[in-house]
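Notes follow once the structure below has been shown.
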Amino acid sequence: MVEHIVPATLAEALEAIADGKKEVIAGGTDLMVQRRKGAGRLPDFPDGLVYLFDLDELKYVRKTADALHIGAMTPLEELLKHPHVPNLLKTIIAEMASPALRRVATIAGNIANASPAGDSLIYLYLIDANVKLISASGERSLPIHEIITGPKTTCLTKQEIIVEITIPIHRFTHERFKKIGPRRSDAISKASFAAAAFIEEDIIRDFRVAFGAVSATVVRCKDIEETLKGTRVDALKEASRSIIERYASHIRPIDDQRSNKVYRKTVSTNLLADFIATL
Amino acid sequence: MPDISKAVPKLDEEEKMSGRAVYVDDIDIPGMYFARTVRSTVAKGRIVKIDVPKLPKDYHIIDHTDIPAKNVVKMIFDDWPVFAEEKVTHIGDPIMLVVGKDRAVIDDICENIAIEYAEEEPVFDFRDSAVDYRFEKGDAKKAFERTARHIEYTYRTGYQEQAYIEPQGFVAYREQGRITLIGSIQCPYYVKNAVLDTLGCGEDDVRVKQAVVGGAFGGKEEYPSVMACQLAVAVKKLNVPIKLVFGREEDMEVTTKRHPSTITLRAAIAEDNTVAALDAHIKLDGGAYLGLSNVVLSRSMLAVTAAYTIENLNVAGDVYLTNTVPNGAFRGFGAPQMIYAIEMFMHHIAKDLGEDVLEFRLKHLAKQGDMTATSGHFHEPIIMPALIERAMEMSDYRRKASTYAKDESNHGIGMSWFFHGCGFTGSGEADHIKAEVKLEKDIEDKVHIHVAAVDMGQGSKTTLAKVVAETLGIPLADVVIDNPDTDFVPDSGPTVASRTAMVVGGLLARAGQRLKSEWVSGETVVVIEKYKQPDHIRWDDEKFHGDAYPAYSWGVNVVEVEVDPHTYEVRVENVTSAYDGGKALDERIVLGQADGGIAQGVAYGYLEVMEHDKGKLKQRNLTDYMIPTAVDTAPTRTYLFDNPYALGPFGAKGFGELTLVGGAPALALAVEMAIGRKVTKIPVTPEVIMELMKHGKH
């Protein structure tokens, strides 16, 4: 008989996974699908589950002077309504899945699933979010790009739980998000694009771009961004073609059942060109 | 008499909304077993060896050796086996059933069955024609010889998956020596007749009942016969109740789809810039077995000129066998491919000739009395000019079309004109279906409708009951209609071809008239009515000559889109439609058909992508195969015109398929206008639009 546990507290949850055997499940919107069986059978979790979604202590949004702290079990739909959540993140969440799924889906789940097409991830990369992990033996906090180690892989151990996502507060004058889904709701991204810039007196002070679903993980090239900071807007616009060329080698999409690599690469660079052109 | 079009609550509304409706998977019989199908994993080959692990007690294998009579699923041709014997023809070809009580154990057995194949080179292109039809009208050859200007285009369409809400399934059991099958089906008698042939038993030995059906769209026309035959063989051998229900992925991988097509059209242009002759070659991908493909092909060919009259025609059609999933019935049944092609072609000719597209099309629009493509006649009034005017007015078509064609707004508007032939093709109703309906008045003066028509969500229970109630002048509550059971209902034919309202409803109206005259209160009165071909309808099936359909429904769709210049995504902004379906038997039900049909038709044009890679479908679930959500569905306005057909009940003609067939061309024409490039292939996805925009204009 497989044992599944529904802990009432985080402490109980950590104890339940301390031996590294059981799997952790939050909203289940990815896992339940991935473990599906044929007609009339339940999804398969042979080692047992620890169901975290009832942990109210992990459902919060707190604002400090320089960051926003999101509890790992906060459903996406609540973030959508929360006054402290940045508009760019809300724009992204509004295009994720559907209202029903968003009531149980979480950002933490998007991180743990580590799909290159995970829509909230593109924001976390863009904004340099940190992720706090906790286990019975301690806690650690890592930037998102160190948490996600490849497509569908993370550095989380089986004794660890994601407890909080920290979003640094930045000032931007320009923000952009575009999800290219095969349809307008309930769709997995073919590609996605997020960008933000801070322009002061015609000078680029901050410039950041992230691409989703076009490589093993979200693509963000800080080295390119650094070279653009301090340039004038018109100079940036003039250099648009060469900037795109520098990004091009990092955009390495695949052909699959949802789209093809030529399309993914073309629209990704089109969106970057359009972002630069409209700064 | 009140207007029959006035909407009433659907008779099945309460049971469905409350969750009490019993679908196949809800049926649980004590001691019931389950079955799962073991299928070919290669596209073409011979089975060399099958290793079945030692089966636990009470687990069984059922294969072709268990079939009492013929290893054929009765359809039109005898090419579709119940179970593969030595050869397999596509990935998913059924080889055997594993039957037992625990689904986990069954899955385990299936995973441990090892099948060795001698693989052969599969065919995926149009090489092996299995059906080859052709017909002529006038003298196309002469017209081509006499004209200097000829225009040719080739159009391609992809698969479409029915994506009904409920996957296919049956429960079957033995009762007093007979086999009863309860299924999610459109055609109870197709299933019964197929099972009779496979078991080789007598008429009374098989009973087929319809469970509540969660959508069908043609997908439950012929495929259920395959499952029913397999399950009947198992029940006959094992003598236990068995359930065979597909999950979504198995359903999508193995059940029939809309035929991908390649249609080449060539026009001879007369000196006054009209089409003097049309040469058409329609090629359909039949998949691994023919099934109903020849009938689908004939409906494609009969729609060759759609809403237009062209004097000289040379029409050829082929169904090619390929080593892929068999294709089959789907709302529209061959017409959507053809109507898409001819509508694009008429626009492309006009553009190439430098003619005003609207004027050019109007010059060719069919009128009452014109000769149809098969040299029959449009006997009934054609009110297309009124439909076109209304649709153009409500969508502001004229102004938008002239603005969008010139500006850089990335907006486009497209308008399709079309008909749909109502009922079976040609003499099919009289020669093959021979529909029969029964009305039975009981001693309490309640009237029971006995027909084989299935309510799969399209509302036929309600509309047919309304026809009977209105004819008899009795309250709707005094009319009883249950899901068909072949033990009680005569064969009123399959629930297909937009025939239920017009043909079955027409027979019920006639039966109602007779019952009215024979009515004796407090006594049982039974009336049976059989189909008779209208005298003025003549059809030669061999030559494709004469009146292909007794009546036609007509329609206009206008679709407006915006194409994103950076991502090439299509956003459907609004849809306006006008239809002549004779007379709506229930306005809300008809508008429901219209909303669903146009959404499915438009999505066929840009959204629903299904492709295979060496015979393996790439989109096998509803995450990867895109049907429109409510968010994708544009605001839709529909105008219904009355144009009563004398032989339809209260004037009704067919409506169910009409609302789908014009969606894709209207969409594709709108995209064409938005991007300023000709579209010849659907679905016109962002990936396709990107290519079109890259390779220059025209």
Side-chain angles (χ1 to χ4, degrees), chain A residues 2 29-30 32-34 36-44 46 94-101 115 117 176-193 195 253 255-278, chain B residues 25 34-37 102-104 106-107 110 167-169 243-251 564-572 603 606-613 616-634 683 685-691 693-694:
Chain A
V2 181
T29 58
D30 284 311
M32 291 294 279
V33 178
Q34 287 160 9
R36 68 194 180 279
K37 288 281 175 185
R41 292 188 59 197
L42 297 172
D44 198 18
E95 295 210 28
M96 290 174 75
S98 58
L101 286 175
S115 160
R176 184 72 56 84
F177 172 71
K178 176 68 188 169
K179 169 173 178 153
I180 302 134
R183 68 181 166 206
R184 293 172 59 203
S185 172
D186 247 337
I188 294 171
S189 295
K190 294 177 180 181
S192 59
F193 172 85
D255 290 333
D256 66 9
Q257 73 276 24
R258 290 186 200 107
S259 189
N260 64 56
K261 52 189 170 199
V262 179
Y263 174 79
R264 288 180 158 124
K265 186 153 190 164
T266 306
V267 298
S268 298
T269 53
N270 283 356
L271 289 167
L272 175 56
D274 184 52
F275 178 67
I276 294 172
T278 50
Chain B
D25 207 23
F34 297 95
R36 186 178 146 187
T37 317
D102 185 326
R103 280 166 151 165
I106 293 171
D107 285 351
C110 288
Q168 307 224 13
K243 179 186 277 188
L244 175 59
V245 172
F246 286 166
R248 177 65 64 184
E249 277 158 325
E250 182 174 20
D251 191 293
D564 186 311
H566 307 298
T567 64
Y568 319 106
E569 292 170 290
V570 173
R571 181 190 181 99
V572 182
Y606 82 109
L607 192 63
E608 300 193 19
V609 179
M610 184 175 272
E611 292 162 335
H612 70 79
D613 180 21
K616 177 96 175 158
L617 290 173
K618 286 154 72 179
Q619 295 79 15
R620 297 190 296 273
N621 55 50
L622 294 174
T623 302
D624 291 336
Y625 184 76
M626 292 289 120
I627 56 172
T629 66
V631 185
D632 299 277
T633 307
T685 60
E687 289 81 357
V688 171
I689 295 173
M690 174 186 74
E691 289 300 320
M693 294 182 77
K694 202 154 50 180

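Reckoned from all heavy atoms, side chains included, excluding hydrogens, waters and symmetry mates. Keep in mind that what you see is a predicted model, and the values were worked out from it rather than measured. We name chains A, B, ... by the order of the sequence lines, and we start the count at 1 in each one.
No other option in B:Arg571, B:Lys618, B:Glu250, B:Arg248 has as many heavy-atom pairs under 4.5 Å with chain A as B:Arg571. Put simply, of B:Arg620, B:Arg103, B:Met610, the one with the most heavy-atom pairs under 4.5 Å next to chain A is B:Arg103. Ranked by non-hydrogen atom pairs under 4.5 Å with chain B, the options A:Ala191, A:Ser259, A:Ala187 are led by A:Ser259.
Proximity to chain A involves both the backbone and the side chain of B:Ile627, based on heavy atoms less than 4.5 angstrom apart. Neither the backbone nor the side chain of B:Pro167 comes within less than 4.5 Å of any heavy atom of chain A. Looking at B:Asn621, only its side chain comes within 4.5 Å of chain A, counting heavy atoms on both sides. B:Asp564 touches chain A through its side chain: at least one heavy atom from C-beta onward sits under 4.5 Å away, while N, CA, C and O do not. Both the backbone and the side chain of A:Ile180 come within less than 4.5 Å of a heavy atom of chain B. Residue A:Arg264: no heavy atom, backbone or side chain, is found under 4.5 Å from chain B. Residue B:Ala630 does not touch chain A at all, counting heavy-atom pairs closer than 4.5 Å. For A:Val262, the parts lying near chain B are the backbone and the side chain together; criterion is any non-hydrogen pair under 4.5 Å.
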request  = Please report the C-alpha distance between A:Arg258 and A:Ser189 in whole Å, then the side-chain angles of each, then the deciding distance to 0.1 Å, and finally whether the side chain to side chain donor-acceptor pair (under 3.5 Å) criterion is met.
outcome  = CA-CA 9 Å; A:Arg258 290 186 200 107; A:Ser189 295; over 6 Å; no
task = With side chain to side chain contact (heavy atoms under 4.5 Å, CB included) as the test, would you mind laying out the steps for B:Phe34 and B:Asp102 before giving the verdict?
result = CA-CA 7 Å; B:Phe34 297 95; B:Asp102 185 326; over 6 Å; no
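A:Tyr263 is linked by a side chain to side chain donor-acceptor pair (under 3.5 Å) to nothing, counting only residues two or more places apart in sequence or in another chain. Not a single salt bridge (Lys or Arg N to Asp or Glu O under 4.0 Å) links B:Asp632 to another residue, sequence neighbours left out.
Looking at B:Asp107 and A:Lys37, no side-chain N of the basic residue comes within less than 4.0 Å of a carboxylate O on the acidic one, giving no salt bridge. Comment: A:Asp256 does not engage A:Lys261 in a salt bridge, judged by the lack of any side-chain N to carboxylate O separation of less than 4.0 angstrom. Taking 4.0 Å as the cut-off between side-chain N and carboxylate O, B:Glu569 and A:Arg184 do not count as a salt-bridged pair.
Inspection of the A:Gln257 and B:Asp624 side chains reveals an N or O donor paired with an N or O acceptor under 3.5 Å.
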